[in-house]
Undergrad: 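Just passing along the structure, written as structure tokens.
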Amino acid sequence: MKNNLIVILGSITNAARVKKLLYTRYRISVKTIHTPAQLGGKGCSHSIKTQPEHLAKILQVAEDMQIVPKGVYFEETNKNGVTYHALS
């Protein structure tokens, strides 16, 4: 089983800015992704994906940049597929 955290940030610009500052400030690597359709991803909505233990730092960086996440989800991947659980 694999677990990830997905934070919806809306635009690719916001996702890229948060990704860059997370790495610069904390050396945390995240992946920018199109927001999954199951989470309401339409058109050009983007998110960052990483390990759940980085949640507090992600939220702090977003707040410092005056970016309000549109949603935070726990992604669980197992033999039955992928499921998402809302954290906020």
Side-chain angles (χ1 to χ4, degrees):
M1 180 169 33
K2 185 176 179 184
N3 300 313
N4 290 299
L5 180 74
I6 295 180
V7 181
I8 301 173
L9 296 170
S11 71
I12 186 64
T13 302
N14 285 346
R17 289 175 59 214
V18 170
K19 176 181 178 177
K20 182 177 180 180
L21 189 55
L22 281 167
Y23 188 77
T24 301
R25 191 181 285 177
Y26 301 113
R27 295 292 187 241
I28 295 173
S29 294
V30 301
K31 187 177 196 178
T32 56
I33 62 169
H34 284 279
T35 301
Q38 300 94 317
L39 304 180
K42 295 180 176 130
C44 61
S45 179
H46 282 77
S47 301
I48 57 174
K49 182 176 183 177
T50 191
Q51 282 71 41
E53 61 265 19
H54 300 309
L55 177 60
K57 290 179 180 170
I58 292 169
L59 295 178
Q60 183 61 58
V61 165
E63 182 180 324
D64 292 349
M65 301 177 89
Q66 299 178 345
I67 296 170
V68 179
K70 298 181 185 320
V72 180
Y73 294 86
F74 183 72
E75 177 189 67
E76 183 179 345
T77 304
N78 58 37
K79 64 182 179 178
N80 298 321
V82 178
T83 56
Y84 299 97
H85 308 282
L87 298 178
S88 72

Undergrad: Could you walk me through whether His85 and Thr83 pass the side-chain contact (heavy atoms from CB on, under 4.5 Å) check?
TA: CA-CA 7 Å; His85 308 282; Thr83 56; 3.6 Å; yes
Undergrad: Could you measure the distance from the CD1 atom of Ile28 to the OG1 atom of Thr50? Nearest 0.5 Å is fine.
TA: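 That separation rounds to 7.0 Å.
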Undergrad: Could you state the interatomic distance from CZ (Phe74) to CD (Glu76), rounded to the nearest 0.5 Å?
TA: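 That separation rounds to 6.0 Å.
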Undergrad: With no hydrogens and no angle check, is any side-chain donor or acceptor of Arg27 less than 3.5 Å from a backbone partner on Tyr23?
TA: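 Such a contact is found between Arg27 side chain and Tyr23 backbone.
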Undergrad: My understanding is that only one of Lys19, Arg17, Arg25 makes a side-chain contact (heavy atoms from CB on, under 4.5 Å) with Val61; could you say which?
TA: Arg25
Undergrad: Heavy atoms only: give me the nearest Pro52-Leu5 pair and the separation to one decimal.
TA: CA-CB, 3.8 Å
Undergrad: Quick one: NE2 on His54 to CD on Gln60, what's the gap to the nearest 0.5 Å?
TA: 15.5 Å
Undergrad: Output the distance between atom CG (Leu9) and atom CE (Met65), rounded to the nearest 0.5 Å.
TA: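 Nearest 0.5 Å value for the CG-CE distance: 9.5 Å.
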Undergrad: Return the NZ to CD1 distance between Lys49 and Ile8, rounded to the nearest 0.5 Å.
TA: 12.5 Å
Undergrad: Is it the case that one hydrophobic cluster holds both Ile58 and Tyr26, taking links as side-chain heavy atoms less than 4.5 Å apart, direct or via other members?
TA: yes
Undergrad: Please work out whether the ring planes of His34 and His46 are parallel, tilted or perpendicular, with thresholds of 30° and 60°.
TA: tilted
Undergrad: Can you tell me how far apart CG (Asn14) and OG (Ser47) are? Round to the nearest 0.5 Å.
TA: 11.0 Å
Undergrad: So, do Leu55 and Val72 sit near enough that their side-chain heavy atoms are less than 4.5 Å apart?
TA: yes
Undergrad: Is there side-chain contact between Ile12 and Cys44, with at least one heavy-atom pair below 4.5 Å?
TA: no
Undergrad: Tell me, with the steps shown, if Ile6 and Tyr84 meet side-chain contact (heavy atoms from CB on, under 4.5 Å).
TA: CA-CA 9 Å; Ile6 295 180; Tyr84 299 97; 3.7 Å; yes
